[in-house]
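Data block below; observations after.
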Amino acid sequence: MTSGQPLLASSESPSVIEYRSKSRNRGSVGCLCRSASFTSSSYDDGHSDIVDVKENCASPFGDNAWSGENCLRRSTSLSRKRQFSTVGSLLSQQFSSGYPTQDRRRLVSWGAMEMHNINDNNPESFELSRVQEKLHKAQRSRHKSMQFEDNLQHDDNPRLIYINDPRRTNDKYEFTGNEITTSKYTLITFLPKNLFIQFHRVAYLYFLAIAALNQLPPLAVFGRTVSLFPLLFVLCVTAIKDGYEDWRRHRSDRNENNRQALVFQSDDFRLKVWKKIRAGEVVKICADEVIPCDMVLLGTSDPSGLAYIQTMNLDGESNLKTRYARQETASAVAEGCSYSGLIRCEQPNRNIYEFTANMEFNSHKFPLSQSNIVLRGCQLKNTEWIIGVVVYAGQETKAMLNSAMSPAKRSKLEGYMNRETLWLSIFLFIMCLVVALGMGLWLVRHKERLDTLPYYRKRYFTNGADNGKRYRFYGIPMETFFSFLSSIIVFQIMIPISLYITMEMVRLGQSYFMIEDKHMYCRASSSRFQCRSLNINEDLGQVRYVFSDKTGTLTENKMEFKRASVHGKNYGNNLSEEYPSMLYSIPATLGRRRWKLKSEVAVDTELIKLLHKDLNGDEKIAAHEFFLTLAACNTVIPIHMDDRSNYANGELLEEGFETIDYQGESPDEQALVAAASAYGYTLFERTSGHIVIDVNGEDLRLDVLGLHEFDSVRKRMSVVIRFPDNTIKVLVKGADTSMLNIIGIDSDRDEFIQQTTQNHLCEYSMEGLRTLVVAARDLNDSEFELWQSRYEDASTSLTERAVKLRQTAALIECDLKLLGATAIEDKLQDGVPEAIESLRQAGIKVWILTGDKQETAISIGLSCKLLTSDMQSIVINGNSENDCRQLLADAMAKYGIKSTQCGSQRPKLRNCENECHDHDIPETSSMSDFSEGKEDVTDKPLALIIDGNSLVYILEKELELELFDLATSCDVVLCCRVAPLQKAGIVDLIKSRTDDMTLAIGDGANDVSMIQMADVGVGICGQEGRQAVMASDFAMGQFRFLKRLLLVHGHWNYQRVGYMVLYNFYRNAVFVLMLFWYILCTAFSTTSALTDWSSVFYSVIYTSIPTIFVGILDKDLSHKTLLQYPMLYGAGHRQEAYNLRLFWFTMIDTLWQSLVLFYVPLYIYKESTIDIWSLGSLWTIAVVILVNVHLAMDVQRWVYITHAAVWGSIVITYACMVVLDSIPVFPNYWTIFHLAKSPTYWLTILLIIVVALLPRYLFKVVNQRFWPSDIQIAREAEVLRKRKGREQIGSKRDRDSN
């Protein structure tokens, strides 16, 4: 069942049922909810009304259904003007609405609430505010977008679907067909559209302009065809890749659109291809088939209208979910009646978790909700067939509306690279300006002799027909300008176009080795590491902050029922897994069904004995209702295992046992229902209208009259059930913060039980257990009738249905009888403490952002070594903006933390006594040292512990800076009771105020906003589906792999890419500077001694291959050393591999090498008769050998493929030179063959290499000798360790031989 599902069947209408309540009368209708006040809430359109539940209010409703004169508060001031600026700005491409910059908020305008009305003793009223409503919807969003189209919110624009009348449906409204298109291009649009996308890169526009200039006759420095080759090569490679990917999309679309389904046509179901299905048609789906479009269920093979679907293709969750056909339509389908009716539903939107509609069927009008719709892409399971009517088809289905990809992220190093590219552009401009000015001065000086001087002759001096003919001479000013443009063409590779392709290939290779790393393979989930983004590999080596979820990320998210507090008594100290077998051997169960859980649950023997006592005291009744609530108040589906399987947990079952398993959307619910079964309350049947529970051998059928599902506003769920004797009860379970203030206290005994239960809850939390409070209440006839009328009105409302359902739930979720509390254990994953300790040693700050209680989070923090006993804790639990401001100020003053806010007046300090005493850290044996510090400044590490209530006030623009100053001064930050958007707000707090790299890791849908807000997002393939994985940049099976991902692969990737970028700048700059020196010696004429093809091949073929292989395979340190010494990761924080200082050193070295490269051959061959093309051939070979030897000097790990790439590129260069010099039409014909015969040629190359690289070699030797880095020291230790190991092996062999 899902939220808002009306479970009252038509045959059980209140109009024909006579209620005979035997329940205890708890008061009149006017006193139903003494502790409730309400305001409405709407999220979708940016308006924000408030839902608050407070104590000591009058009756919530008057005579009118939704008037609420006394307690219904509709607050829209301020909140309508506030926007999610920061989160929204990240998603500007996904939204049409803009966000005002003058009223910017980091995450949420928390100040929109009326804080002065909040009772300090009631933090729950705080959490039921506008903010929590927004966070609730954000938690269930697959994308960064936390808003959905609000088309439903207007009754005047519903979508009308005429059942089994597609012509009438589509002729009037022109709905889209069911054909989908995920491809980007067609044959006609591919070329222009692909080129348009590629030229979004500014560098491509630069090279296009260069190629266009070279087509002009006065600027034709290179051959016109040759100048186009580099750009065309890059464009073609990218176009082929994009074309192949789009061809695969076309193929996938074609296969998807041509699948077939059974559609009702001519009084029978006949096959029809998916793409021809239209809205309004009735479709039949059989078992294991995929749903072709969004359909409202009309009937199923189950008489009660129940169907099971798997939504893995939609949201990644593998567990089965239930959907229901309304009894009105299910009975009509079963009887074979005709399909006719009208559905009024919301306009298409991307919210896969909500659906609001009404149906008119056989003169009846009833509501439809998410429980009644099956979505495209889901698969039918454990159900023979279903029949439904199409409401959304094709591109309007929720699956297609949610198919947008996550926003692309760009690495920080790439941003720095753009800065250096700007410097290179300035150098290029200066060189071109020098050449142009030099040429202009030269022309002015020799303008009288231009007919006879070289380079600029005005006339042809040949023996042909052109003898005496004039060149085109445009005058000195224009010739100077043309010289400037020609220089840009000659020096164009100063901006390395090949660097973009090289980086893509290097990142692809790095990703392959990360994916294939066997140390990051999770055997438990059979999942390997995933690289979902190829743009930010190197960012993994610079992470400073890690923001982690707790449940499912640090813990296993496999819940196990451990403790229980029933009627004020603590149980769970005498657990036994053998007792269930004793339970089933009780003589009273002879001849009845006996159940065996698929997974064992340990039970408390004392509690078992209490449940089987013959006494009917309050304690026995409370225990009975306690487990009845656990078995009934849920949405779990019982699954009867195959009778052919006689094994459970690897053991042979005794005859008469039936194995049962439970499927649910929440692991907590599954654990609670399994625990109830272990204690003798086995839920074994569920339909849309009733459930059946085996209570110690007796079948108890309970009619389900209504269900209010759990949401993050109420933080509880409730179910209204009718017992066989017509007694009606409401069973409720929820978080303690939302439950304890709606418990009715009628006597001192009730007060004692509540206080004892609270003590037990605190004890459970200290042990790191997850807690829930269980309560119930009898409803009399008048109470039930009022609730039912409100429930039906809310269920059929097309506007603010969720708000009205919450208000309806508040009618009965009050004055409850406390039954007890549950405690579930969620164990830490293997290797989590070690991973966190290593990350902290690496200089990475780990923050935990969790929705659990403060005590639970602290206990987990201690067990995973995030919190240590020597830390001083700073606890921020404020109940107002002033409280939070004062708490922050006191903490900063106490520990000597200075504010980064310059010139601002600090608030006057005072002793603050506003901390929430319910959350004070007890002085237990395990936490005695982890307590608040003295008033004086301490050198001990600090730990900040803050709750979600305080964050609501603090994440206001005025207090963000104080929180930032305090949090960044602490070693550990623990945020408790935080909602999804608050998680994103904390990440943005650091990301927007520092240059530090942030990483967020989580496993659930509530972590998506945090994952996409961070610079690097990591998803865990856990128990909560795959939404986090689908939104992440990287995905893995367990948290412990994060240690290897960052310390090993992150370090390697950063070192490799950083060096690769600097090397690419160097190898292109040295080539350009060599050409620059030549032009200065040829009267600034922009002529070249190199052939056009040599200039083109230099960066594309001659020198590119070694860079790629070194960028993929080079390792400065082994993975064992990097894991053994996590401090080595700090090289990324210090930007040792790539920084502005290294760039300038590289450019200075480049300048020296280019001078040596040009002038050494020039002086050696000064007196010879060698022609210019021979000298150009020498320069080409020399520069290729020089840059490759330069690269070889920096390679840390030589493997066979590295040798082949580095030395092979020199061989390839010679081979290309031989081929080019063998073509008679080229001016350099046969030059290489003449040069190679001379020893001077080879000695010149050797001299160039030695002289050019000698300063670099000496600098490296001196630097490593006197100022070694941590990496150099570790590398030397590694070499010595290997050498020592080889010596030991050799000596052992000698001893063995002797």
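Because the structure is a prediction, the values reported are computed rather than measured. Hydrogens, waters and symmetry mates are skipped; everything else that's a heavy atom, side chains included, is used.
- Closest approach of D1114 to R1197, counting heavy atoms only: OD1-N, 3.0 Å.
- Between the side chain of D996 and the backbone N or O of R544, no donor-acceptor pair lies under 3.5 Å.
- Between the side chain of R1056 and the main chain of I1112, a donor-acceptor pair closer than 3.5 Å is present.
- Around the CZ atom of F1109, the shell of radius 6.0 Å holds no more than 12 heavy atoms that belong to other residues, nucleotides or ligands.
- Taking CD of E504 as the reference point, atom OG1 of T502 lies at 10.0 Å (rounded to 0.5 Å).
- Side chain of D246 to main chain of D242: no donor-acceptor pair is present (N/O by atom type, distance under 3.5 Å, no hydrogens or angles).
- Contact detail for L1047 and A842: the closest heavy-atom pair is CD2-CB, 3.6 Å.
- Panel note: side chain T998, backbone D1015; a donor-acceptor pair is recorded below 3.5 Å.
- Under the 3.5 Å distance criterion, with hydrogens and angles disregarded, no donor-acceptor pair is assigned to the side chains of N535 and S411.
- To the nearest 0.5 Å, atom CD of residue Q530 and atom CE of residue M520 are 11.5 Å apart.
- W1052 and H1049 have their aromatic ring centers within a separation under 6.0 angstrom.
- Without hydrogens or angle criteria, Y1063 side chain to V1187 main chain gives a donor-acceptor distance under 3.5 Å.
- Summarising the geometry of D1003 relative to A1028, their closest heavy-atom pair is C-CB, 3.5 Å, with the distance given to 0.1 Å.
- Distance alone, capped at 3.5 Å, places no donor-acceptor pair between the H1133 side chain and the I844 backbone.
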Show your working on side-chain contact (heavy atoms from CB on, under 4.5 Å) between F513 and L1113 and close with a plain yes or no.
-> CA-CA 9 Å; F513 284 103; L1113 300 174; 3.7 Å; yes
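- Between D1270 and R1134, at least one side-chain nitrogen of the basic residue sits less than 4.0 Å from a carboxylate oxygen of the acidic one, meeting the salt-bridge criterion.
- Residues S425 and I495 approach most closely at OG-CD1, 3.5 Å, considering heavy atoms.
- Between I1001 atom CD1 and M1036 atom CE the span is 3.5 Å, to the nearest 0.5 Å.
- Between the side chains of R1067 and N1064, a donor-acceptor pair is found at a separation under 3.5 Å.
- Judged by distance alone, with hydrogens and angles left aside, the side-chain atoms of K193 form a donor-acceptor pair with the main-chain N or O of K184 at under 3.5 Å.
- Judged purely by atom type and a 3.5 angstrom limit, N537 uses its side chain to pair as donor or acceptor with the backbone of R507.
- Within a 6.0 Å radius of CG in L422, other residues, nucleotides and ligands contribute more than 12 heavy atoms.
- Among F1065, F1145, Y1066, F1071, the single residue meeting the side-chain contact (heavy atoms from CB on, under 4.5 Å) criterion with T1150 is Y1066.
- A salt bridge is defined here as a Lys NZ or Arg NE, NH1 or NH2 lying under 4.0 Å from an Asp or Glu carboxylate O, and K991 with D988 fails to meet this definition.
- M1147 places a side-chain heavy atom less than 4.5 Å from the side chain of L424.
- Side-chain N/O atoms of Y1138 and E538 include no donor and acceptor closer than 3.5 Å.
- Counting only heavy atoms from C-beta outward, the side chains of V1070 and H1190 never approach each other to under 4.5 Å.
- Proximity of a side-chain donor or acceptor of Y1059 to a complementary backbone N or O of Y1054 within less than 3.5 Å is not detected.
- By the 4.0 Å N-to-carboxylate-O rule, D830 lies too far from R1040 to be salt-bridged with it.
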From CA spacing to verdict: side-chain contact (heavy atoms from CB on, under 4.5 Å), V1072, F427 = CA-CA 11 Å; V1072 168; F427 297 157; over 6 Å; no
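- Donor-acceptor pairing under 3.5 Å is recorded for the side chains of Q1196 and R1275.
- How far CE of M1060 is from CG of L499: 5.5 Å, rounded to the nearest 0.5 Å.
- Under the 4.5 Å side-chain criterion, counting only non-hydrogen atoms from C-beta, F199 is in contact with L235.
- Between the side chain of Q829 and the backbone N or O of T553, at least one donor-acceptor pair lies under 3.5 Å.
- Rounded to the nearest 0.5 angstrom, F1143 CZ and R419 CZ are separated by 9.0 Å.
- Between V506 and G1111, the shortest heavy-atom contact is CG1-O, 3.5 Å.
- Of all heavy-atom pairs between Y545 and V543, the closest is O-CG1, 3.4 Å.
- Between D1116 atom CG and E1278 atom CD the span is 8.5 Å, to the nearest 0.5 Å.
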From CA spacing to verdict: side-chain contact (heavy atoms from CB on, under 4.5 Å), L540, F1034 = CA-CA 10 Å; L540 294 171; F1034 304 95; 3.8 Å; yes
